[in-house]
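Down below is the structure, laid out as C-alpha cells.
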Number of protein chains: 2
Amino acid sequence: MRITNQREIILEELRKLKTHPTADELYDVVKKRLPRISIATIYRNLERLSEEGMIHKLEYGGRQKRFDGDMRPHCHVFCVKCGRVSDVETKNDVNIMDMVLDSKGFKIFEGGVQFEGLCPLCQKGDDCETLQ
Amino acid sequence: MRITNQREIILEELRKLKTHPTADELYDVVKKRLPRISIATIYRNLERLSEEGMIHKLEYGGRQKRFDGDMRPHCHVFCVKCGRVSDVETKNDVNIMDMVLDSKGFKIFEGGVQFEGLCPLCQKGDDCETLQ
DNA sequence: GTATTTAATAGTAATAATTATCAAAAAGGA
DNA sequence: TCCTTTTTGATAATTATTACTATTAAATAC
Ligand SMILES: [Mn+2]
Ligand SMILES: [Mn+2]
Ligand SMILES: [Zn+2]
Ligand SMILES: [Zn+2]
C-alpha cells in the first residue's frame, strides 16, 4: 500500500483522537491540514486501512461506522442515543473466543464484549443526537 | 398497542424466521400474505415492536438493521462481508457486567458478546453481498 | 347504532450515509 | 524521462431509513 500524504495524515489524525470518530468527523479534522481533501478519500482510506489491519472499523449500533486507531485489544461502550463510543476498562480474565460452542458454520475471527449505555451528555438530557 | 392484522403477521413471520432478516427481507416474506402492505409499515412496526420489547433490533453500524423474534438471551455473529447474522451457542458461565472497571462516565445498562466472522457462503467466496 | 376521535396504513417524498464513477494528478519504477 | 499503476477530488448514484400526508380502520362517545 502506497503511503500517500492523505493516507498518512488520515492515519495520524485518527490515532490522535480518542473519540472513535465517524468518517465525517475525521474529515473535519483532516481538512484543517489538507483543506482540499475529499470526503471520498476519507471513506476510501478508512476502509483500506482497516482491511490492512492498521485501524479498527467499529460497526456498532447507530447508523454510522466509527473508527479506532488504537489496536490494543480493549472493550467499547456505545451510547444508544447518540452513537458515541468510548473505551471501557475491563478485568482481563476471560477469553471470549473460548466461550463459543457452536457458530453455525460461521468462521469466527474476532469476538468482543460490547456495552450499551448512555454517554455523559445524553445522561444530562442534552439533545446531542445531531452532534453525532 | 393495537393489534392490527399487519402487526400480527409481521410478528408472526419474524418469529418463524431464524435468519435475523432485514426490513426488506421481511417485507418480501410478509408480502406473500399481505400483498398490499407497504414497506413503511414494516419499518414502523419493527421499530414499534422493539420499543415494546417484543422483538430485538440488531444494529450494526453502517449496515442494515436486522431483527430477531427470539427473545431468549443469546449471542450473535455477523458476517463482515455480507452482514448476515447467526445465533452463536456459548458457554454461559461469565457475567459480562462484572468485567467493567471504568466506563468513562457512560452509564452502562447492557453488555454482550458479539462475534465477527465470515458466513458459510462468503467463506466459499460467493459474492453474496447482493443477496443480503 | 351513528358520530367523533384516535391510531395505523399505503404510497411516496425527503434525507443521510455510503459507494461508484471517472478524468486528472501523483507515485513509483524501468 | 517515459510509462504504468495507484490514488485523488468532485460529484453522481445508490441504499437504507425516516418523514409526510391523505385515506382507512378501530375505538370510544353519544
Ligand atoms: Mn477504542
Ligand atoms: Mn438470534
Ligand atoms: Zn449520547
Ligand atoms: Zn457472508
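Chain letters run A, B, ... following the sequence lines, proteins first, then strands; residues in each count from 1.
Taking 4.0 Å as the cut-off between side-chain N and carboxylate O, Glu59(B) and Arg63(A) do not count as a salt-bridged pair. Using a 4.0 Å cut-off between a side-chain N of Lys or Arg and a carboxylate O of Asp or Glu, Glu51(A) and Lys57(A) do not qualify as a salt bridge. A salt bridge is defined here as a Lys NZ or Arg NE, NH1 or NH2 lying under 4.0 Å from an Asp or Glu carboxylate O, and Glu13(B) with Lys16(B) meets this definition.
Within the model, atoms CZ of Arg84(B) and OG of Ser86(B) stand 11.0 Å from one another, a figure rounded to the nearest 0.5 Å.
Distances from the side chain of Thr41(A) to the nucleotides dT9(C), dT8(D), dA16(D) place dT8(D) closest.
For Met71(A), the side-chain contact (heavy atoms from CB on, under 4.5 Å) test picks out His56(A), with sequence neighbours left out. Partners of Ser103(B) by side-chain contact (heavy atoms from CB on, under 4.5 Å), not counting sequence neighbours, listed by chain and number: Val100(B), Phe106(B), Ile108(B).
Between Arg48(A) and the phosphate of dT7(D), there is a side-chain N or O to OP1/OP2 separation shorter than 4.0 Å.
Atom P of nucleotide dA16(D) and atom NZ of Lys57(B) are separated by 17 Å, given to the nearest angstrom. We find that CD of Glu25(B) is positioned 15 Å from C1' of dT17(D), with the value rounded to whole Å. The nearest whole Å value for the distance from the CZ atom in Arg33(B) to the P atom in dT9(C) is 15 Å. One can place CG of Leu46(B) at 14 Å from C1' of dT18(D), the figure rounded to the nearest angstrom. Nucleotide dT18(C) holds its P atom 10 Å from the CZ atom of Arg66(A), rounded to whole Å. Between the CD atom of Gln64(B) and the C1' atom of dA17(C) there is a distance of 13 Å, given to the nearest Å. Rounded to whole Å, atom P of dT6(D) lies 13 Å from atom CD of Glu52(A). Rounding to whole angstrom units, CG of residue Asp24(B) and P of dT18(D) are separated by 13 Å.
Listed by residue number, Arg2(B), Thr4(B), Gln6(B), Arg7(B) are the residues of residues 1-8 of chain B with a heavy-atom contact under 4.0 Å to DNA chain C.
Residues Lys104(A) and Val88(B) are not in side-chain contact: their nearest non-hydrogen atoms beyond the backbone lie 4.5 Å or more apart. Taking the side chain as every heavy atom from C-beta outward, Leu101(A) and Lys91(B) approach each other to under 4.5 Å.
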Measure all distances between protein nitrogen or oxygen atoms and nitrogen or oxygen atoms of nucleotides 19-25 of chain C, and list the pairs falling under 3.5 Å.
from	atom 1	to	atom 2	distance (Å)
dT19(C)	OP1	Lys65(A)	NZ	3.4

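More than 12 heavy atoms of other residues, nucleotides or ligands sit less than 6.0 Å from atom NZ of Lys31(B).
Over its length, the helix from dG1(C)-dC30(D) to dA30(C)-dT1(D) turns its helix axis by 20°, as judged from the five terminal pairs at each end, rounded to 10°.
Hydrophobic clustering, defined by side-chain heavy atoms of Ile, Leu, Val, Met, Phe, Trp and Tyr closer than 4.5 Å, groups Ile39(A) together with Met1(A), Ile9(A), Ile10(A), Leu11(A), Leu14(A), Leu17(A), Leu26(A), Tyr27(A), Val29(A), Val30(A), Leu34(A), Ile37(A), Ile42(A), Tyr43(A), Leu46(A), Leu49(A), Met54(A), Ile55(A), Phe67(A).
With DNA chain C read from its 5' end, the first of the two nearest nucleotides for Ala23(A) and Leu34(B) is the one closest to Leu34(B).
Aromatic ring centroids of His76(A) and Phe115(A) lie 6.0 Å or more apart.
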